[in-house]
Amino acid sequence: MCGIVGYTAKQAVEKRILDSLELLEYRGYDSAGLALFDTDTEQVEVRKCAGRVSDLRDLCGREAVHGLCGIGHTRWATHGGVSDENAHPHRVGCVTLVHNGIIENFEEIKDHYGLGQYLFSQTDTEVVAALINSFYNGHPRETIRRAVRCLKGTFALVIMFDDHPDVIYAVRNVSPIVAAYIPSGTMLASDVAALGGQADRYIVVPEYTIVELHKSAILLYDEADRRIEPEYYDIDWDTTRDGKGNYPFYMEKEIMEQPDTIRRTLAGRIKDGHISLEKDGVPDQLLADCQRICVVACGTAMHVGQLGSELVRKILHMHMDVEYASEFMYMDPVIDEKTLVLAISQSGETIDTLEALKYARRLGARSIGIINVRGSSIARESDYVMYTDAGPEIAVASTKAYTNQLAAFYALIGRMAVVRGIFDREQEREYAENLLQVPDKIQLVLNRRAEIHKIARSLLEAKDAFMIGRGMDYSILLEGALKLKEVSYIHTEAYASGELKHGTIALITQETPVIAAVTQDDLRDKELSNIREVQSRGASVTLLLREDIAADGIDCDYIFQLPQMPSLFMGFPASAALQLLAYYVSSDRGLDVDKPRNLAKVVTVE
Ligand code: AGP
């Protein structure tokens, strides 16, 4: 997703802008650019190109720019393809700007105000630059407000005006902007990561508030142009990335970090066999009173909910709705004040999840966010937040965030079981003990990653693959399938084993490898017979099998025995194995594992 940076200082800014853009690379992008008020030429200079930030850095080396005030951008293409012309910043007349979001009515604006003659790109953003330029009367805030009133859609706009060379202006609707004082000046960005550890607190720019970045002051103006005092959030976590270490890709590093990070996530929530959410401030009464639970999330985060719904059914004897956040607002959901909505998100910035959460709260729901990035938009929108301690997750494919979110979810449901009188003291203790075992069980899988690497080689030539399982195994495989397809580009479908024969088994041939999971005691026999069904159609089968479950009579191409845990907890070791499988297929295919094609780490457009 697009990344934005603005920086004005008493020293040259170009290096800091480029460094900050690199810190935003994890969001996913396909072109990059910057604009500075150049102190030599005394005009705004733009440098931009399709490609990586490193390409932009080379361009700035060849065509040097020097300035004390500038903006930068990494673009994830929405309107208009990947090209130098479509890269940001866009400059029209005396206005230069970058944008994160989608302007839905940009064509109408272009036609209504006759802006086509000023445009060189296919982007909605350049239309906004032309609109602001056409309105400009020498008063930036007045002009910005007039232009913003014309816009429909989401935006974080960061703007420079030629006749205000030391000031950066910004305004947002939904798409995030944070601002902060740093030692040499002031800065704004799409998220805290871009500050690069230069600040210990930051401001979240309120929607439709105009922020002015001066070298020694950050000024906020509300819609009536009244100065408002900023609200500060402390940066009490490590925002710096400690690099890949000895790993070739962040994805492998983050898979290997899971045991330690899950220990951190569970610390303070499990003490002496007790499950407590005191550190999160989640009131027991909320957990006792809610009559419905509904998860809103996307992608991997949504799969936490899928697996979690099995847990809720088996532990709380409740049904839990798990909804695609992007669908939620359009499905007339049954939500009221007795509904507890769980917004699950690694980044805390996924716009679909944010908007779904806002919608549910408008309908009266109470909410808990299960979030990895502190102070993020979804965290701020939630009534309560359970932060995971996975640390920065850089690879686009989510791995440690998933298992950490699962761990937090299990703690939440465990606490609910205690509060609702479902767990007695012994059951709570046993559940807590099993949860504390998770890191070690995952470690056992990680220690055998060479076996998984060997299995991965059997998938390298596949174009299609299937993952089959029943019950919780099916939920586990939904995430396993997403992992494999998003980093290896093998079209992978997870299927409830018993459902396969109702049509999809027509696609099973010797060309379609099948990965089966059998971790649930009570489903063993049925799952094994489904395996035989695909084998009889020629499919090779890799079986992920809980080590204490007998597989007599089953002859699979590979059997990877998973360390034993009670059935309810098997999602953890199984997911670690599936993450490694996806990783090795992708890396052995020579793909850019951390930055798969077309994908963004944070999806801030609907
Ligand atoms: C998962 O590997 C993907 N990167 C993607 O599905 C991701 O989980 C989804 O976009 C949700 O992101 P979030 O957790 O930051 O909200």
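Just so you know, ligand 1 is whichever comes first in the structure, and atom 1 is the first atom listed for that ligand.
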So which of K400, E479, Q258, K483 actually passes side chain to side chain donor-acceptor pair (under 3.5 Å) with Q579? Q258
Check for me whether V602 has a heavy atom closer than 4.0 Å to any atom of ligand 1. no
Does the structure place the NZ or CZ of R415 under 6.0 Å from the centre of the six-membered ring of Y410, at an angle of no more than 45° from the ring's axis? no
Identify the two heavy atoms, one from K601 and one from V396, that lie closest to each other, and give their separation to 0.1 Å. NZ-O, 3.4 Å
Give the atoms of ligand 1, by number and element, whose distance to some non-hydrogen atom of A397 is under 4.0 Å. 2 (O)
When you measure from atom 10 (O) of ligand 1 to every protein heavy atom, which one gives the shortest distance, and what is it? V603 CG2, 4.2 Å
For atom 9 (C) of ligand 1, what's the nearest protein heavy atom and its distance? C298 O, 3.8 Å
For this output row, return yes or no: ring centroids of F155 and H99 closer than 6.0 angstrom. no
Contact (N/O only, under 3.5 Å) between Q405 and ligand 1: no
Within 4.0 Å of some non-hydrogen atom of S398, the atoms of ligand 1 are 1 (C), 2 (O)
For atom 12 (O) of ligand 1, what is the nearest protein heavy atom, given as residue, atom name and distance? T350 OG1, 3.4 Å
Can you tell me the protein heavy atom closest to atom 14 (O) of ligand 1 and the distance? Q346 N, 2.7 Å
Check: A325 main-chain N/O paired with T353 side-chain donor or acceptor under 3.5 Å: no
Check whether any N or O atom of G348, backbone or side chain, sits under 3.5 Å from an N or O atom of ligand 1, and answer yes or no. no
Is K483 in contact with ligand 1, taking contact as a heavy-atom separation below 4.0 Å? yes
Establish, yes or no, whether the cationic atom of R201 lies under 6.0 Å from the six-membered ring centre of Y232 and within 45° of the ring axis. yes
Decide yes or no on side chain to side chain contact (heavy atoms under 4.5 Å, CB included) for E323 and C294, but give the supporting numbers first. CA-CA 7 Å; E323 306 299 354; C294 176; 4.0 Å; yes
Run the side-chain contact (heavy atoms from CB on, under 4.5 Å) test against H319 and tell me which residues pass, sequence neighbours left out. D321
Taking atom 15 (O) of ligand 1 as the reference point, the nearest protein heavy atom with its distance: S347 OG, 2.7 Å
Could you work out, with salt bridge (Lys or Arg N to Asp or Glu O under 4.0 Å) as the rule, every residue matching D124, not counting sequence neighbours? none
Tell me which protein heavy atom sits closest to atom 4 (N) of ligand 1, plus the residue, atom name and distance to 0.1 Å. V396 O, 2.7 Å
Just distances here: any N/O of E486 and N/O of ligand 1 closer than 3.5 Å? yes
What protein heavy atom is closest to atom 1 (C) of ligand 1, reported as residue, atom name and distance in Å? T300 OG1, 2.9 Å
Cation-pi geometry met for R172 and Y208 (6.0 Å, 45°): no
Could you list the atoms of ligand 1 found under 4.0 angstrom from a heavy atom of A301? 8 (O), 14 (O)
